[in-house]
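Along the sequence shown, residues carry numbers from 1.
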Amino acid sequence: MNIGLDMMGGDFAPLEAVKGAAAFLADNTGAVHLTLIGDEAQIKTHLSAHTLPAEKYSIVHTTQVIEMNEHPTKALKEKKDSSIAIGFYLLATGKIDAFISAGNTGAMMVGSLFSIKAIEGVLRPTIGAYMPREDGTLGLLVDVGLNADCKPENLNQFAVLGSLYAQHILNFADPKVGLVNLGEEEGKGNLLAQAAYPLLKENNQINFIGNIEGRDILMTKADVLVCEGFTGNVVLKLAESIYDIVKRRNIHDEHFDRFNFEQYGGVPVLGVSKPVIIGHGISHATAFKNMIRIAQRMIETDLLEKMKGSFVQG
């Protein structure tokens, strides 16, 4: 498999991306080739200190970088030789099997939606985020910001996409799906939640357990937590702040250390036809290594074909 890595995306590029690629290849003996996309001179400067096996990587030189503050659509259109634009070109043309970047999130989303397209039948792709639970496992929250406004059908599809990811990547045999709501009883919630509930209840592709409340999100009641992106993003940012507070107060606790989202790498774009992983802008080597691992697992489990099959059946 050939995994493409944007070497210019993120606050600490390309050094941390090089270190992450080196750490991944040091641990991995499988048939994985990394395509490093970015300024060749800058990449090679860091390769002198962090050696990668010569047969395990290649460099695709680019001359431009999409900065974090640039308008995504405008930047992709005007910077055709940027690491993100070239990464999506390589993915769309089959030169690489997955694409990873900690760069401009908006540009990554635009590229995902317009370069490689949604899976046929998927109304709107989604992005998920991991929720650390007390028992050491991770829940998956979908959507966390891509779709601030949704229709009931969108939430129903997020549940299917999230379930497949939880099953094949997070290793839940039969992931429990919960609808994030303000009460447990059927009929609770706003118009969206009330309309989505019966769709989820009748969906035989998922293990729907009903409504879950905010207090259940970090517990094991449900493994896939479904909501629209406005709510999901608020929950994600609140969860991220827990780690910041714990660190500032110098509290050392194994569970709260797991709220450092960098250790999970990045979040997948679910519902597009090829693997795309988006990392946090402050990603360091560990995050890059873990993003490559997620992409590898998505390819090994043939996750995208399973998702396509679900929507053909649906």
| query | Measuring from Asn28:CG to Lys56:NZ, what's the distance to the nearest 0.5 Å? | reply | 6.5 Å
| note | Between Leu304 and Pro275, the two heavy atoms sitting closest are CD2-CG, 3.7 Å
| Nearest heavy atoms of Lys151 and Leu192, plus distance in Å | C-CD1, 3.6 Å
| query | Gln42 and Thr45: side-chain donor and acceptor closer than 3.5 Å? | reply | no
| query | Got a donor-acceptor contact below 3.5 angstrom from the Asp97 side chain to the Asn2 backbone? | reply | yes
| message | Hydrophobic clusters here meaning ILVMFWY residues chained together by side-chain heavy-atom distances under 4.5 Å, can you tell me if Leu138 and Ile206 are in one? | response | yes
| Is there a side-chain contact between Val180 and Val226, using heavy atoms and a 4.5 Å cut-off? | no
| query | Given side chains that start at C-beta, do those of Val224 and Val177 come closer than 4.5 Å, heavy atoms only? | reply | yes
| note | Shortest non-hydrogen pair, Gly266 vs Ile294, comes out as O-CD1, 3.7 Å
| said: Under a 3.5 Å cutoff, is there a donor and acceptor pairing between the side chains of Glu300 and Gln296? | reply: yes
| query | Going through the distances and angles, do Leu179 and Leu155 end up as a side-chain contact (heavy atoms from CB on, under 4.5 Å)? | reply | CA-CA 9 Å; Leu179 176 64; Leu155 298 192; 4.1 Å; yes
| request: Classify the side-chain pair Thr220/Asp135 by whether it contains a donor and acceptor separated by less than 3.5 Å. | output: no
| said: If we ignore hydrogens and angles and just use 3.5 Å, is the side chain of Asn181 paired with the main-chain N or O of Lys188 as donor and acceptor? | reply: yes
| Would Phe208 and Tyr197 count as a ring pair (Phe, Tyr, Trp, His ring centres under 6.0 Å) if you check the C-alpha gap in whole Å, the side-chain angles of each, and the deciding distance to 0.1 Å? | CA-CA 9 Å; Phe208 182 57; Tyr197 191 105; 5.1 Å; yes
| Asn147 side chain vs Pro125 backbone, donor-acceptor pair below 3.5 Å | yes
| Counting N and O atoms only, with roles assigned by atom type, does the side chain of Arg297 sit under 3.5 Å from a partner on the main chain of Leu303, one being a donor and the other an acceptor? | no
| said: Pair Tyr57, His33 - check ring pair (Phe, Tyr, Trp, His ring centres under 6.0 Å), show working. | reply: CA-CA 5 Å; Tyr57 78 94; His33 183 90; 7.6 Å; no
| Quick one: CD1 on Ile242 to CG on Asn260, what's the gap to the nearest 0.5 Å? | 13.0 Å
| request: Indicate yes or no: does Asp27 engage Arg293 in a salt bridge with an N to O separation below 4.0 Å. | output: yes
| task | Answer whether the closest heavy-atom distance between the side chains of Leu199 and Pro152 falls below 4.5 Å. | result | yes
| Step by step, would you call Val235 with Leu141 a side-chain contact (heavy atoms from CB on, under 4.5 Å)? | CA-CA 9 Å; Val235 171; Leu141 179 68; 3.7 Å; yes
| Evaluation steps, ring pair (Phe, Tyr, Trp, His ring centres under 6.0 Å), between Phe88 and Phe99 | CA-CA 7 Å; Phe88 277 113; Phe99 181 46; 5.1 Å; yes
| Hey, any chance Ile59 and Ile100 share a hydrophobic cluster, counting ILVMFWY side chains that come within less than 4.5 Å of each other, even indirectly? | yes
| Lys247 vs Asp257, salt bridge (Lys or Arg N to Asp or Glu O under 4.0 Å): CA-CA, chis, key distance, verdict | CA-CA 9 Å; Lys247 202 172 176 185; Asp257 287 345; over 6 Å; no
| request: Would you please test Glu213 and Lys221 for salt bridge (Lys or Arg N to Asp or Glu O under 4.0 Å) and show each step? | output: CA-CA 10 Å; Glu213 298 181 80; Lys221 188 170 181 180; over 6 Å; no
| message | Just checking Phe172: does its CZ atom have more than 12 heavy atoms from other residues, nucleotides or ligands closer to it than 6.0 angstrom? | response | yes
| task | Flag yes if Ile116 and Met307 sit in one hydrophobic cluster, no otherwise; membership is Ile, Leu, Val, Met, Phe, Trp, Tyr, and two members link when side-chain heavy atoms are under 4.5 Å apart. | result | yes
| task | Side-chain contact test, heavy atoms from C-beta onward, threshold under 4.5 Å: evaluate it for Pro14 versus His46 and give yes or no. | result | yes
| task | Take Ile86 and His61, measure what side-chain contact (heavy atoms from CB on, under 4.5 Å) needs, and give me the verdict at the end. | result | CA-CA 9 Å; Ile86 294 297; His61 177 63; over 6 Å; no
| request: Without swapping roles, check the side chain of Asp216 against the backbone of Met219 for a donor-acceptor pair under 3.5 Å. | output: no
| query | In terms of hydrophobic clustering (I, L, V, M, F, W, Y; side-chain heavy atoms under 4.5 Å; direct or indirect links), are Leu113 and Ile127 co-clustered? | reply | yes
| Counting heavy atoms not belonging to Lys74, are there more than 12 under 6.0 Å from its NZ? | no
| task | Without swapping roles, check the side chain of Asn290 against the backbone of Ala287 for a donor-acceptor pair under 3.5 Å. | result | no
| Would Tyr264 end up clustered with Ile282 when hydrophobic side chains under 4.5 Å apart are linked, directly or stepwise? | no
| request: Look only at the side chain of Asp6 and the backbone of Ile84, and say whether a donor-acceptor pair between them is shorter than 3.5 Å. | output: no
| task | Considering only NZ, NE, NH1 and NH2 on the basic side and carboxylate oxygens on the acidic side, decide whether Lys308 and Asp302 come within less than 4.0 Å. | result | no
| Thr62 side chain to Asp81 side chain, donor-acceptor N/O pair below 3.5 angstrom | no
| request: Measure from the side-chain N and O atoms of Gln205 to the backbone N and O of Ser310, and report whether any donor-acceptor pair falls under 3.5 Å. | output: yes
| task | With rounding to the nearest 0.5 Å, note down the distance linking CG in Leu170 to OG1 in Thr137. | result | 9.0 Å
| request: Would you please test His255 and Phe259 for ring pair (Phe, Tyr, Trp, His ring centres under 6.0 Å) and show each step? | output: CA-CA 8 Å; His255 175 58; Phe259 281 77; 5.4 Å; yes
| Non-hydrogen side-chain atoms of Thr35 and Ile3 separated by less than 4.5 Å | no
| Side chains of Asn203 and Asn156, donor plus acceptor under 3.5 Å | yes
| Are Lys201 and Glu186 within salt-bridge range, i.e. N to O under 4.0 Å? | yes
| field | Over 12 non-hydrogen atoms of neighbours within 6.0 angstrom of CZ in Phe12 | value | yes
| request: Determine whether more than 12 heavy atoms belonging to other residues, nucleotides or ligands lie under 6.0 Å from atom CG of Leu191. | output: no
| field | Salt bridge flag under 4.0 Å for residues Glu254 and Arg258 | value | no
| note | For Met68 and Gly103, the nearest pair of non-hydrogen atoms, with its separation, is SD-C, 3.6 Å
| request: Return the minimal non-hydrogen interatomic distance between Val267 and Ala129, and the atom names on each side. | output: CG1-CA, 4.0 Å
| task | For the residue pair Ile37 and Leu5, establish whether any side-chain heavy-atom pair is separated by less than 4.5 Å. | result | no
| task | Please say whether more than 12 non-hydrogen atoms of neighbouring residues, nucleotides or ligands are located less than 6.0 Å from CD in Glu185. | result | yes
| query | Gln157 side chain to Gly121 main-chain N or O, any donor-acceptor pair under 3.5 Å? | reply | yes
| field | Heavy-atom donor-acceptor pair, Ser283 side chain to His280 backbone, under 3.5 Å | value | yes
| message | Checking Val246 against His252 for the side-chain contact (heavy atoms from CB on, under 4.5 Å) test, could you report, in this order, the C-alpha distance in whole Å, the side-chain angles of both residues, the deciding distance, and whether it holds? | response | CA-CA 8 Å; Val246 166; His252 300 285; over 6 Å; no
